[in-house]
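This chain uses plain numbering: 1 for the first residue, then up along the sequence. Heavy atoms only: backbone and side chains are in, while hydrogens, waters and symmetry mates are out. All ligand and atom numbering here is 1-based and tracks the order in the structure.
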Amino acid sequence: MADQTTSEAYENIIVRRQNRVGIIQLNRPAAMNALNSPTMAELLAVLRQFDRDDGLGCTVITGSDRAFSAGADIKQMAQASVVEMMAMPFLDYWDQLLHIRKPVIAAVSGWCLGGGCELALACDMIVASETARFGQPEINLGIIPGGGGTQRMARAVGKALAMEIVLNDRRLTADEALRYGLVNRVAPVDSYLAEAIKLAADIAGRAPVAVQLGKEAVNQAFELLLTAGLRDERRLFNALFSTEDQKEGMTAFVEKRAANWQGK
Ligand code: CAA
């Protein structure tokens, strides 16, 4: 089948669709893709739109080869008071990523710092270029991560390394990030995005409802105690037997043919 690619214009992001993969590129090159409210609002709006689009199965979020994102926009926050920060919906955007049902893969090259690193950590998988550098440098600004970095980094790489990253601006190379389990794979800078899109296309070609419930079940591992997580997984597993795709998938196996997924 010929590749079908379309693109749409936004102010701070570039949005493309390539067959069943949605691609969102952060596009604030003059600010190293720093994340301000309008950028996060556009990003979340498109992710929600993709969630509702049966023609799409998986999303890739990327930046430029030089910077995935240098973090929250420091210029937006520099003079804010505590009350203004509490009233600002800005950091809520990171929480809202939790409610995206389809898988999201971050394709990361260059700087991936602060809120940018927290955005990548809030995605379901990370494909990194060899030049990717991960860090939470908020300590240099007299603050700590506010978009989930302390929690997700500790879960991803363990307490000891997370402490160094958060308290002492320790930055991880792509190879270190791979070794510590932060990223799924590392590729050369000229192919990391294609790798991420290929991974997304593979996932987007699978049974859509099972993919969404699989994402939900794995994420529960980070929310619940083991017994509650296991109970939840069993419920989601059993629920999939009400889908046509489950019947089709098992029938296709027995008939030794490829399954034809309907997302129903
Ligand atoms: N916010 C706003 N603008 C930023 C930015 C940010 N996070 N990061 C970079 N920029 C801007 C710079 O101000 C500069 O703009 P001007 O040309 O107008 O001066 C432009 O992007 C290019 O940056 P540099 O000249 O600094 O480029 P560099 O190659 O020398 O360094 C860098 C790149 C290492 C990423 C460096 O810019 C840097 O350290 N940036 C800040 C990283 C940071 O502290 N991130 C945490 C932010 S706080 C946060 O994210 C809180 C949270 O948890 C949600």
Query raised in the report: Among all protein non-hydrogen atoms, which one is nearest to atom 54 (C) of ligand 1, and what is the separation to 0.1 Å?
Result: E118 OE1, 3.4 Å
Query raised in the report: Would C117 count as a contact of ligand 1 if the rule is a heavy atom under 4.0 Å away?
Result: no
Query raised in the report: Would atom 36 (C) of ligand 1 count as contacted, meaning some protein heavy atom under 4.0 Å?
Result: no
Query raised in the report: Does atom CG of L225 have more than 12 heavy-atom neighbours, drawn from other residues, nucleotides or ligands, at distances under 6.0 Å?
Result: no
**Report entry** Atom indices of ligand 1 within 4.0 angstrom of G114 heavy atoms, with elements
**Finding:** 46 (C), 50 (O)
Query - Proximity of A67 to ligand 1 by residue part, where a heavy atom lies under 4.0 Å - result: neither
Report summary line: Of P145, P29, A30, the residue with the heavy atom nearest atom 17 (O) of ligand 1 is A30
Query raised in the report: Out of curiosity, R17 CZ to F50 CZ, how far, rounded to the nearest 0.5 Å?
Result: 5.0 Å
Requested in this report: Among all protein heavy atoms, pick the one closest to atom 1 (N) of ligand 1 and tell me residue, atom and distance.
Outcome: I74 N, 2.9 Å
Query raised in the report: Are the side chain of K215 and the backbone N or O of D124 linked by a donor-acceptor pair below 3.5 Å?
Result: no
Query raised in the report: Does the side chain of R48 come under 3.5 Å of the side chain of Q96 through a donor N or O and an acceptor N or O?
Result: yes
Query - Non-hydrogen atom of L35 closer than 4.0 Å to ligand 1 - result: no
**Report entry** Flag for D169-N140: side-chain donor and acceptor within less than 3.5 Å
**Finding:** yes
Query raised in the report: Is the CD atom of E255 crowded by more than 12 outside heavy atoms at less than 6.0 Å?
Result: yes
Report task. Could you list which atoms of ligand 1 come closer than 4.0 Å to a heavy atom of P137? Result -> 43 (C), 44 (O), 45 (N)
Query raised in the report: Looking only at heavy atoms of Q76, does any of them come nearer than 4.0 Å to an atom of ligand 1?
Result: no
Query raised in the report: Any side-chain donor paired with an acceptor under 3.5 Å for Y192 and D65?
Result: yes
Report summary line: For atom 4 (C) of ligand 1, the closest protein heavy atom turns out to be A31 O, 3.8 Å
Report summary line: heavy-atom search around atom 2 (C) of ligand 1 in the protein gives D73 OD1, 3.3 Å
Show me, pair by pair, the donor-acceptor contacts under 3.5 angstrom made by side chains of residues 198-210, not counting sequence neighbours?
from, atom 1, to, atom 2, distance (Å)
K198, NZ, D202, OD2, 3.1

Query - Under 3.5 Å: donor-acceptor pair, side chain of W111, backbone of F68 - result: no
Query raised in the report: Got a protein heavy atom sitting under 4.0 Å from atom 44 (O) of ligand 1?
Result: yes
Query raised in the report: Looking at E138, which atoms of ligand 1 are within less than 4.0 Å of one of its heavy atoms?
Result: 48 (S), 49 (C), 50 (O), 51 (C), 52 (C), 53 (O)
Query raised in the report: What is the nearest protein non-hydrogen atom to atom 39 (O) of ligand 1, stated with its residue, atom name and distance?
Result: L113 CD1, 4.5 Å
Query - Taking every non-hydrogen atom, the tightest pair across A107 and T62 - result: O-OG1, 2.9 Å
Query raised in the report: Going by atom types alone, do Q76 and N36 pair a side-chain donor with an acceptor below 3.5 Å?
Result: no
Report task. May I ask you to decide if D54's main-chain N or O and R20's side chain share a donor-acceptor pair within less than 3.5 Å? Result -> yes
**Report entry** Atoms in ligand 1 flagged as close to L91, the criterion being non-hydrogen separation under 4.0 Å
**Finding:** 54 (C)
Report summary line: With heavy atoms and a 4.0 Å threshold, my read on which part of A70 contacts ligand 1 is both
Report task. Heavy-atom contacts with R66 under 4.0 Å: which atoms of ligand 1 show up? List them by number with element. Result -> 29 (O)
Report task. Can you pull out the closest protein heavy atom to atom 7 (N) of ligand 1? Residue, atom name and distance to 0.1 Å, please. Result -> A72 O, 3.0 Å
Query raised in the report: Just by distance, do the side chain of N168 and the backbone of R170 share a donor-acceptor pair under 3.5 Å?
Result: no
Query raised in the report: Any idea which part of N140 is under 4.0 Å from ligand 1, heavy-atom wise: side chain, backbone, both or neither?
Result: neither
Report summary line: re atom 13 (O) of ligand 1, the protein heavy-atom contact at minimum distance is K75 NZ, 3.1 Å
Requested in this report: Compute the minimum heavy-atom distance from L141 to ligand 1 and say whether it is under 4.0 Å.
Outcome: yes
Report task. Kindly give the heavy-atom pair with the smallest separation between R152 and A122, and that separation in Å. Result -> NH1-CB, 3.8 Å
Query raised in the report: Which residue and non-hydrogen atom of the protein lie closest to atom 33 (C) of ligand 1, and at what distance in Å?
Result: W111 NE1, 3.6 Å
Report summary line: If you compare M32, R133, M77 by their heavy atoms, the one closest to atom 9 (C) of ligand 1 turns out to be M32
Query raised in the report: Quick one: does G149 get a heavy atom under 4.0 Å from ligand 1?
Result: no
Query - Beyond-backbone contact of L47 with I24, side-chain heavy atoms, under 4.5 angstrom - result: yes
Report task. Mark whether atom 25 (O) of ligand 1 lies under 4.0 angstrom from at least one protein heavy atom. Result -> no
Requested in this report: Assess whether atom CZ of R179 is packed by more than 12 heavy atoms of other residues, nucleotides or ligands within 6.0 Å.
Outcome: yes
Query raised in the report: Between G146 and ligand 1, is there a nitrogen or oxygen pair with a distance under 3.5 Å?
Result: yes
